Amino acid sequence: MNQLKASVIVAMYNGEATVEKTLISLLAQSYENFEIIIVDDGSTDSSKDVVDKYIDNPRVRYVFKENGGVAAARNVGIEHAVGDIVGFCDQDDLWKPNKLEMQMKMFEQHPDVGVVYSWIEVDRNGDFSISKPCFEGDCFEALLMQNFISCCTGMARRNLLLQIGGFDESRELHGVDDRHVWLRLARITRFGVVNEPLATYVIHGANYSLNEAKMLTADLICISKISSISDLSAQEKAWCKEAEYRVFRHYASNFFYINELNECASCYLNSWKLKKYRVDLLIASLILKVTPRSFLVSIKRTRKRIKGEMV
């Protein structure tokens, strides 16, 4: 045990309010052979003062860089890492004490596995739920159809991250740069999963992933970049087309939920363009285009009231 060394990369930008809790959770790991690399992506607040309280710990290293985005910060962390296995934990997420122990054990026992992730606990302002993805082995198709790996659970062999060139630092991928990495890794290695929640993903108002319009664009660009890989098979290209369709359907639902009808209609229209036989998608798009937002909001309120009265 503890033969493989783990490097935990914390990309930090103006994280003074949360990074200390993150560091405390990382330092509480039951696994002993690991280091923490904090990459300060040009913070302008007091994040460095918080980190300074832990810098004397031999496991903790601090690296400053000019602001360039989370993907660039993670790449700097990978460059500085000396561990065999690399994991990522954002400045506001938390790891369970047994996370490294459970995942490193899988790397030790399965040398053909290059990526190990786990279930994730999601904290929505104190309302907790658990996401339980269970894909393993060859995961390329599954990852195209659904982004099921939370970055704070994923760990990968460093040599494989270097083989694919690390994270794509394009700003247009911001929010899904980790999915892009998992997809590229899935073409060259097998995945393993630990069937228990080993990290907590904290959702709050500052989460970039709450911006549906930007995330839609980023997901589409991610799929486009993958589909442009030169040696994709015909089957893999077909999967990419299906993934693009599913992205539009996914965000159509999200936009409908937040009453953004024009954006929802646009997603349905683009879904129909990919599957012309789905005339229902075209009809849905046309109806939403002429539906007043206030009318939809009123219907939703009425349904919610009736549902409440029936309980």
Side-chain angles (χ1 to χ4, degrees), residues 1-13 15 19-41 47-48 51 54-65 68-111 113-118 120 149-169 177-178 180-182 184-185 188-189 191-192 194 198-201:
M1 290 297 294
N2 292 3
Q3 293 302 306
L4 293 176
K5 186 179 181 72
S7 296
V8 185
I9 297 170
V10 180
M12 181 179 72
Y13 176 73
V19 71
E20 184 162 23
K21 287 184 178 180
T22 297
L23 291 176
I24 289 173
S25 77
L26 297 179
L27 289 169
Q29 293 299 300
S30 56
Y31 193 86
E32 297 180 355
N33 192 12
F34 73 98
E35 63 174 354
I36 300 170
I37 304 171
I38 303 162
V39 182
D40 189 339
D41 190 35
S47 297
K48 176 63 164 53
V51 172
Y54 298 89
I55 208 66
D56 288 337
N57 190 307
R59 286 198 172 109
V60 178
R61 285 196 283 152
Y62 172 85
V63 180
F64 181 87
K65 65 178 288 296
V70 65
R74 288 170 179 160
N75 280 339
V76 169
I78 293 170
E79 291 172 9
H80 282 79
V82 297
D84 307 282
I85 311 297
V86 176
F88 307 94
C89 187
D90 287 346
Q91 64 189 24
D92 51 0
D93 295 327
L94 307 171
W95 280 15
K96 304 294 185 182
N98 63 333
K99 183 177 187 298
L100 282 180
E101 179 181 349
M102 298 294 291
Q103 291 183 259
M104 297 298 282
K105 181 187 299 183
M106 185 167 287
F107 281 114
E108 292 272 10
Q109 295 177 347
H110 303 279
V113 168
V115 175
V116 177
Y117 69 99
S118 75
I120 182 75
I149 300 180
S150 294
C151 191
C152 60
T153 75
M155 301 192 72
R157 296 186 188 273
R158 182 173 180 267
N159 66 311
L160 296 180
L161 286 167
L162 294 175
Q163 182 178 328
I164 66 168
F167 286 78
D168 187 320
E169 298 181 10
D177 51 280
D178 56 321
H180 189 243
V181 160
W182 308 135
R184 287 183 291 144
L185 286 170
I188 64 173
T189 191
F191 283 43
V194 177
L198 297 180
T200 302
Y201 173 58

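Computed from a predicted model, the values in this text were never measured in an experiment.
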Q.
Main chain of Gln91, side chain of Thr22: is a donor-acceptor contact present, judged purely on distance under 3.5 Å?
A. yes
Q: Flag the pair Asp177 / Asp168 as yes when at least one side-chain heavy-atom distance between them is below 4.5 Å, and no otherwise.
A: no
Q: Evaluate the side chain to side chain contact (heavy atoms under 4.5 Å, CB included) criterion for residues Arg59 and Glu32: first the C-alpha distance (whole Å), next the side-chain angles of each, then the deciding distance (0.1 Å), finally the verdict.
A: CA-CA 10 Å; Arg59 286 198 172 109; Glu32 297 180 355; 3.8 Å; yes
**Q.** Beyond-backbone contact of Asp178 with Ile149, side-chain heavy atoms, under 4.5 angstrom
**A.** no
Q.
If we ignore hydrogens and angles and just use 3.5 Å, is the side chain of Asp41 paired with the main-chain N or O of Gly68 as donor and acceptor?
A. yes
Q: Can you establish whether the number of heavy atoms outside Lys65 located under 6.0 Å from its atom NZ is more than 12?
A: yes
Q. How far does NZ of Lys5 sit from CG of Asp84, to the nearest 0.5 angstrom?
A. 9.0 Å
Q | Atom of Met155, atom of Ala6 and distance for their closest heavy-atom approach | A | CE-CB, 4.3 Å
**Q.** Heavy-atom pair of closest approach, residues Ile120 and Ala199
**A.** CD1-O, 3.2 Å
Q) Between atom OH of Tyr31 and atom CG of Asn98, what is the distance when rounded to the nearest 0.5 Å? A) 13.5 Å
**Q.** From Phe191 atom CZ to His110 atom NE2, the distance as rounded to the nearest 0.5 Å
**A.** 15.5 Å
Q: Side-chain contact test, heavy atoms from C-beta onward, threshold under 4.5 Å: evaluate it for Val116 versus Ile85 and give yes or no.
A: no
**Q.** Short side-chain to backbone donor-acceptor contact, Glu101 and Ser30, under 3.5 Å
**A.** no
Q: Considering non-hydrogen atoms only, spot the tightest contact between Phe34 and Val8 and give its length.
A: CD1-CG2, 4.4 Å
Q) Would you say the side-chain atoms of Ser7 pair up with the backbone N or O of Ala81, donor to acceptor, closer than 3.5 Å? A) no
**Q.** Where Ile164 and Arg184 come nearest, the two heavy atoms and their spacing
**A.** O-NH1, 2.7 Å
Q | NZ/NE/NH1/NH2 to OD/OE distance under 4.0 Å, Arg61 and Glu35 | A | yes
Q.
With a 3.5 Å distance limit and no angle check, can you tell me whether Asp93 reaches the backbone of Tyr201 through a side-chain donor-acceptor pair?
A. no
Q) Quick one: ring pair (Phe, Tyr, Trp, His ring centres under 6.0 Å) partners of Tyr117, sequence neighbours excluded? A) Phe148
Q. Measuring from Arg158:CZ to Glu79:CD, what's the distance to the nearest 0.5 Å?
A. 8.5 Å
Q | Derivation and outcome, side chain to side chain contact (heavy atoms under 4.5 Å, CB included), residues Tyr54 and Ile24 | A | CA-CA 9 Å; Tyr54 298 89; Ile24 289 173; 3.6 Å; yes
Q) Is the shortest heavy-atom distance from the side chain of Val60 to the side chain of Ile38 under 4.5 Å? A) yes
Q) What heavy-atom pair brings Gln3 and Asn33 nearest, and what distance separates the two atoms? A) O-ND2, 3.6 Å
Q) With distance as the sole test, does Glu108 use its side chain to make a donor-acceptor pair with the main-chain N or O of Leu4 at under 3.5 Å? A) yes
(Q) Could you check whether any side-chain heavy atom of Asp92 comes within less than 4.5 Å of a side-chain heavy atom of Lys21, counting everything from C-beta outward? (A) no
Q: Please lay out, stage by stage, how Ile78 and Ile9 fare under the test side chain to side chain contact (heavy atoms under 4.5 Å, CB included).
A: CA-CA 8 Å; Ile78 293 170; Ile9 297 170; 3.8 Å; yes
Q.
Within this structure, what is the CZ-OG distance for the pair Phe64 and Ser47, rounded to the nearest 0.5 Å?
A. 10.5 Å
Q. When rounded to the nearest 0.5 angstrom, what distance separates CD1 in Ile36 from CG in Leu26?
A. 4.5 Å
Q) Taking side chain as C-beta onward, heavy atoms only, is Val115 less than 4.5 Å from Trp182? A) yes
(Q) Main chain of Leu94, side chain of Ser25: is a donor-acceptor contact present, judged purely on distance under 3.5 Å? (A) no
Q | For Lys48, salt bridge (Lys or Arg N to Asp or Glu O under 4.0 Å) partners two or more places apart | A | Asp52
Q | Heavy-atom pair with the smallest gap, counting every atom of Val70 and Ala11 | A | CG2-CB, 3.7 Å
Q: Using side-chain hydrogen bond (donor to acceptor under 3.5 Å, both in side chains) as the criterion, list what pairs up with Gln103, not counting sequence neighbours.
A: Lys99
Q) Are the side chain of Arg157 and the backbone of Phe107 linked by a donor-acceptor contact shorter than 3.5 Å? A) yes
Q) Are any side-chain N or O atoms of Trp95 and backbone N or O atoms of Cys152, one a donor and one an acceptor, separated by less than 3.5 Å? A) yes
Q: Keeping the roles fixed (side chain from Arg74, backbone from Gly69), state whether a donor-acceptor pair exists under 3.5 Å.
A: no
Q) Do Leu185 and Leu161 touch side chain to side chain, with heavy atoms closer than 4.5 Å? A) yes
